[in-house]
S.K.: 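I'd like to ask some things about the structure below.
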Amino acid sequence: MTGTSCALKASPSYLAGKLLKSSAMIPLSVRCVQLHSVFEVAQTVDSLVGSGAAALRRLYAFTAGTARCRVGPELSRKYGMEPDNAQLVVSITNTATLEQAWYNEVRTRKPQTFKEDAACLVDPTDGGRKCDFCNWQTLTAEDTWGRIERPHAVTGSNLFKYGEPAHGLVLFKHHDPLRFSRKQLGDFLAVSADWFTAAAVVHPDARHPFFIWNCGPRAGASQFHGHGQLMLTTLPVPAQARLTQQSKLHAQAHPGTSIYHDMVQAHAAVGLARALGRGEDRCWILAHLAPQKDMEVVLLGSSLTSPVFVAALHASLRALVDGLSVQTFNCGILNVPLGQQLPLQQPVAGVESCPAANELPLETGLDDSQGLVLAFSKGMGSDEDVLRLLPSGMEWRPLMARVVSRGKTTSPASDFGCLEVIGHASIGHTDPFLLIQRIDDQLDLLHM
């Protein structure tokens, strides 16, 4: 299959009305191929053309082969499988990070013999009446510098710490962990940014922030109430250390590019990248080809308090929850910028003495989508097309958020087996082309 010349494929609503009020990001003509699944990508990757395809082959390795077995009559009748069974199995490996995912459409029919649990997240707190986090003023610990508070979110200190010198909490002020608006998410991230700033002033030797959000017990949460964890440590978590190391090695091995530029170009080459922007502020949304767990979305943005990043993360999370019925997820954020450190007044009084990295005022309307532009929809772009949207310079080190589903709450079986724990690979249950469709559905709502 070879690339053909065609116009940008996008829903008209993306390119109309409020979405075109910013001239800093304009939809581009692209040379594109129409791909619809990871199986098509793996089988045609060698014939794709263009610099985006070059980045795809530079960063990802693909295998596609047939796995065979013989199926007896009884087993064939029970599961509707052919007696002379042949299954297409695809693997995708990020050659820089060694992240690897295996895909097989037949696995969607895999039986589960364990008894199902409840069909949804079960709230053990009687609707919040017995919830510690709903009573955060008295039933959560406080950091030595106090709390950061905004209308929809507040920080605390983790009472049962596994990080030092600073390990905090960030709490939604409402109880339901799966119901959050963009404005609520904006406050959740803004107080987190302030917490990192305050922690870095109090602990100047700690330079490694990490944002953690576990939703639901399958994802590691011990409380039903929506909350995250904030760490500032003197050494980076391994994922951050590997990302920093791999970025340097990739740049050395491939002069003139970076691991982040290649990630965007590779996913754009097959139609799995979206760019959201307002003015010079942009965020890239990637339906990851080699997910760490199912339905992984990778977001490359500028800061926790960027309205564009907030909008992109909210759209991605709502795509999982509302579009794909996900009820439990992990969201981790690496490359968190600490920003300019400002002297704190003693005692710390909260947000007034610790402004967020971009000094986002309390009254900022994060639900205002005016000027937001979606670009780079489906297809493959030339090197010039992509780099017109990407920041120039190989020193680009974007904030990186990674969101994954943690499986079905109805299943008592873990989604983390030996393949993941020991083999450090994963099973891609959901095709990223379906994931990007659900993200598109959410992006389409931004101007409504």
S.K.: Got Met263 and His288 here, is their nearest side-chain heavy-atom distance under 4.5 Å?
M.R.: yes
S.K.: Do Arg70 and Asp84 sit within salt-bridge range, that is, some charged N less than 4.0 Å from a carboxylate O?
M.R.: no
S.K.: What's the shortest heavy-atom distance between Val170 and Gln229, and which atoms?
M.R.: CG1-N, 4.4 Å
S.K.: With a 6.0 Å cut-off on the ring centroids, do Phe433 and His36 count as close?
M.R.: no
S.K.: How far apart are the closest heavy atoms of Ile259 and Ser247, and which atoms are they?
M.R.: CG2-OG, 3.4 Å
S.K.: So Asp176 and His225, side chain to side chain donor-acceptor pair (under 3.5 Å) or not? Walk me through it.
M.R.: CA-CA 6 Å; Asp176 191 332; His225 188 114; over 6 Å; no
S.K.: Would you say the side chain of Tyr79 lies within less than 4.5 Å of the side chain of Arg109, judging by non-hydrogen atoms?
M.R.: no
S.K.: Is NZ or CZ of Arg218 both nearer than 6.0 Å to the six-membered ring centre of Phe329 and within 45° of the ring axis?
M.R.: no
S.K.: Using side-chain heavy atoms (C-beta onward) and a distance below 4.5 Å, is Val297 in contact with Leu320?
M.R.: yes
S.K.: Got Val308 and Ser302 here, is their nearest side-chain heavy-atom distance under 4.5 Å?
M.R.: no
S.K.: Would a line drawn from the ring center of His152 to the ring center of Phe172 be shorter than 6.0 Å?
M.R.: no
S.K.: Would you call the rings of His250 and His254 parallel, tilted or perpendicular if under 30° counts as parallel and over 60° as perpendicular?
M.R.: tilted
S.K.: Could you check if a side-chain atom of Trp136 sits within less than 4.5 angstrom of a side-chain atom of Lys173, using non-hydrogen atoms only?
M.R.: yes
S.K.: Of Leu304, Asp187, Leu189, which meets side-chain contact (heavy atoms from CB on, under 4.5 Å) against Val310?
M.R.: Leu189
S.K.: With rounding to the nearest 0.5 Å, note down the distance linking CE in Met295 to NE2 in His429.
M.R.: 9.0 Å
S.K.: Taking all non-hydrogen atoms of both residues, which atom of Leu399 and which atom of Val336 are closest, and how far apart?
M.R.: CD1-CA, 3.7 Å
S.K.: Starting at CD1 of Ile212, measure out to SG of Cys331 and round the result to the nearest 0.5 Å.
M.R.: 10.5 Å
S.K.: Are the aromatic rings of His267 and Tyr60 close, with centres under 6.0 Å apart?
M.R.: yes
S.K.: Are Leu35 and Thr44 packed together at the side-chain level, in the sense that at least one heavy-atom pair is separated by less than 4.5 angstrom?
M.R.: yes
S.K.: May I ask you to check whether Phe188 and Trp195 place their ring centers less than 6.0 Å from one another?
M.R.: no
S.K.: Test salt bridge (charged side-chain N to carboxylate O under 4.0 Å, His left out) on Arg242 and Glu99 and set out the steps.
M.R.: CA-CA 11 Å; Arg242 284 194 297 269; Glu99 293 160 340; over 6 Å; no
S.K.: In the structure I gave you, are the side-chain heavy atoms of Asp441 and Leu445 within less than 4.5 Å of one another anywhere?
M.R.: no
S.K.: Just how far is it from atom OG of Ser192 to atom CD1 of Ile333, taken to the nearest 0.5 Å?
M.R.: 7.5 Å
S.K.: Does some side-chain heavy atom of Pro124 sit less than 4.5 Å from a side-chain heavy atom of Phe224?
M.R.: yes
S.K.: Minimum heavy-atom separation for Ser405 to Asp415, with atom names?
M.R.: O-OD2, 4.2 Å
S.K.: Testing the basics here: between Ser76 and Val71, what is the closest heavy-atom pair and its distance to 0.1 Å?
M.R.: N-CG1, 3.5 Å
S.K.: Just how far is it from atom CG of Leu75 to atom CE of Met81, taken to the nearest 0.5 Å?
M.R.: 8.0 Å
